[in-house]
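What you see is a predicted model; the values in this text were computed from it and never measured. Just so it is clear, the values below take in all heavy atoms, side chains as well, and ignore hydrogens, waters and symmetry mates. Throughout, a chain's letter reflects where its sequence line sits, starting with A, and its residues are numbered from 1.
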2 protein chains.
Amino acid sequence: MAIDKKHINIRNNKEYHCPVEATLDVIGGKWKPLILWQLKEVDVIRYNKLQQNLHGVSPRMLTKQLRELEEDGLVNRKMYPEIPPKVEYSLTEFGWTVAPILEALCDWGSEYLGRQCTLGQEE
Amino acid sequence: MAIDKKHINIRNNKEYHCPVEATLDVIGGKWKPLILWQLKEVDVIRYNKLQQNLHGVSPRMLTKQLRELEEDGLVNRKMYPEIPPKVEYSLTEFGWTVAPILEALCDWGSEYLGRQCTLGQEE
DNA sequence: CTGTATCCATTAGGATACTG
DNA sequence: CAGTATCCTAATGGATACAG
């Protein structure tokens, strides 16, 4: 019976057959977990700094992923009407709910792939 | 200083700047978390059943992702020399270490996207 | 049954130049 | 500074057919 219950994603109206699949559709994608991790570590970050810390993401992809995270309600975009422009990204309250996932990803990477969690804390 | 320490992945010799990134390279990919979740739920599963439960993955993609998971030591492939052939997939001991990640993915999907964890348990 | 091979369409992603 | 626009390649995915 449960197999017939489906969930519809806000953004793309896709149907899911499993909660893992649903999660992946929201925070999956090559850069999204890294973006979310970054935001979680530093709270607020500007576009430029974000791009640097993701070492090598193209502006096209960064913008695309940020827009999707915004649409899904995970990320907040605050624009200051200045010249030159200033835009700050941060996690929404809803965005903070993915923190346990990010921590699980980080813990496993640190423990089993031999590196510490230092992103966002480097000197 | 820590920013200079890199980790090399067994499979593709890629360098990582962050443990999250390293994790994504191993269990990222569209089907991998779903495959791992499936294996975690049912312990042992045959190729055919796996393909059915992933509702729509093509044999080409399924095989590819399974091979990579094998190479990374997460998945065990047991072949029975029979006709017709029988192949069983399961998590290795190392593979079981990703369980917390899978559970975090499932919990979030269930809680925030409104569906229960039932995959692998449907009647 | 468990795949591999092939062809094709779609999409994700990278490089770079440029704009308000 | 914070992105767009453009062009391009690589990866993904679907539909078979077929092999051992």
Exercise for review: Report the residue from A:Asn76, A:Ile45, A:Val75 that forms a side-chain contact (heavy atoms from CB on, under 4.5 Å) with A:Ser90.
Suggested key: A:Asn76
Study note, to complete from the structure: Rounded to 10°, the helix from C:dC1-D:dG20 to C:dG20-D:dC1 deviates from straight, judged by its five-pair end axes, by 50°
Check your understanding: Roughly how many Å is it from NZ in B:Lys64 to P in D:dA10, rounded to a whole number?
Key -> 14 Å
Review point. Taking 5' to 3' order, which nucleotide of DNA chain C is first and which is last to have an atom within less than 4.0 Å of a heavy atom in chain B?
Key: C:dC1 to C:dT6
Check your understanding: Listed by chain and number, what are the side-chain hydrogen bond (donor to acceptor under 3.5 Å, both in side chains) partners of A:Arg77, not counting sequence neighbours?
Key -> A:Tyr89
Point to revise | Results of side chain to side chain contact (heavy atoms under 4.5 Å, CB included) for B:Glu82 - residues two or more places apart only | key: B:Tyr80, B:Lys86
Exercise for review: Send over the distance from B:Arg67 CZ to D:dT12 P, rounded to a whole Å.
Suggested key: 16 Å
Point to revise | Common cluster, A:Ile83/A:Met79, ILVMFWY with side-chain heavy-atom separation under 4.5 Å | key: no
Review point. Under 4.0 Å: is that the gap between some side-chain N or O of A:Tyr89 and OP1 or OP2 of D:dC1?
Key: no
Practice item. For A:Lys64, enumerate each residue passing the salt bridge (charged side-chain N to carboxylate O under 4.0 Å, His left out) test, keeping only those at least two apart in sequence or located in another chain. Key: A:Glu68
Check your understanding: Listed by chain and number, what are the side chain to side chain contact (heavy atoms under 4.5 Å, CB included) partners of B:Gln51, not counting sequence neighbours?
Key -> B:Tyr47, B:Asn48, B:Val57, B:Pro59, B:Leu62
**Study point:** Gap between atom CG of B:Asp43 and atom CD of B:Glu88 - 0.5 Å precision
**Key:** 11.0 Å
Check your understanding: A:Thr97: what forms a side-chain hydrogen bond (donor to acceptor under 3.5 Å, both in side chains) with it, not counting sequence neighbours?
Key -> B:Trp108
Review point. Are the side chain of B:Thr23 and the backbone of A:Leu105 linked by a donor-acceptor contact shorter than 3.5 Å?
Key: yes
Review point. Once you round it to whole Å, what is the distance between C1' of D:dC1 and NZ of A:Lys86?
Key: 11 Å
Point to revise | Pairing residues for B:Pro85 by the side chain to side chain contact (heavy atoms under 4.5 Å, CB included) criterion, not counting sequence neighbours | key: none
Exercise for review: Decide whether A:Leu50 and A:Val44 are clustered together by the hydrophobic rule: side chain heavy atoms of Ile, Leu, Val, Met, Phe, Trp, Tyr closer than 4.5 Å, transitively.
Suggested key: no
Check your understanding: Can you name the side-chain hydrogen bond (donor to acceptor under 3.5 Å, both in side chains) partners of B:Gln65, sequence neighbours left out?
Key -> none
Practice item. Round to the nearest Å and state the distance from A:Met79 atom CE to D:dC1 atom C1'. Key: 11 Å
What protein N or O atoms touch nucleotides 18-20 of chain D N or O atoms at under 3.5 angstrom, if any, and at what distances?
none

Point to revise | Sidechain-backbone polar pair: A:Thr92 side chain, A:Gly73 backbone, donor-acceptor under 3.5 Å | key: yes
Give every pair of a protein N or O atom and an N or O atom of nucleotides 13-17 of chain D that lie under 3.5 Å apart, one pair per line with the distance.
from   : atom 1 : to      : atom 2 : distance (Å)
D:dG13 : OP1    : B:Lys30 : NZ     : 2.9
D:dG13 : OP2    : B:Trp31 : NE1    : 3.1
D:dG13 : N7     : B:Arg60 : NH2    : 2.9
D:dG13 : O6     : B:Arg60 : NH2    : 3.4

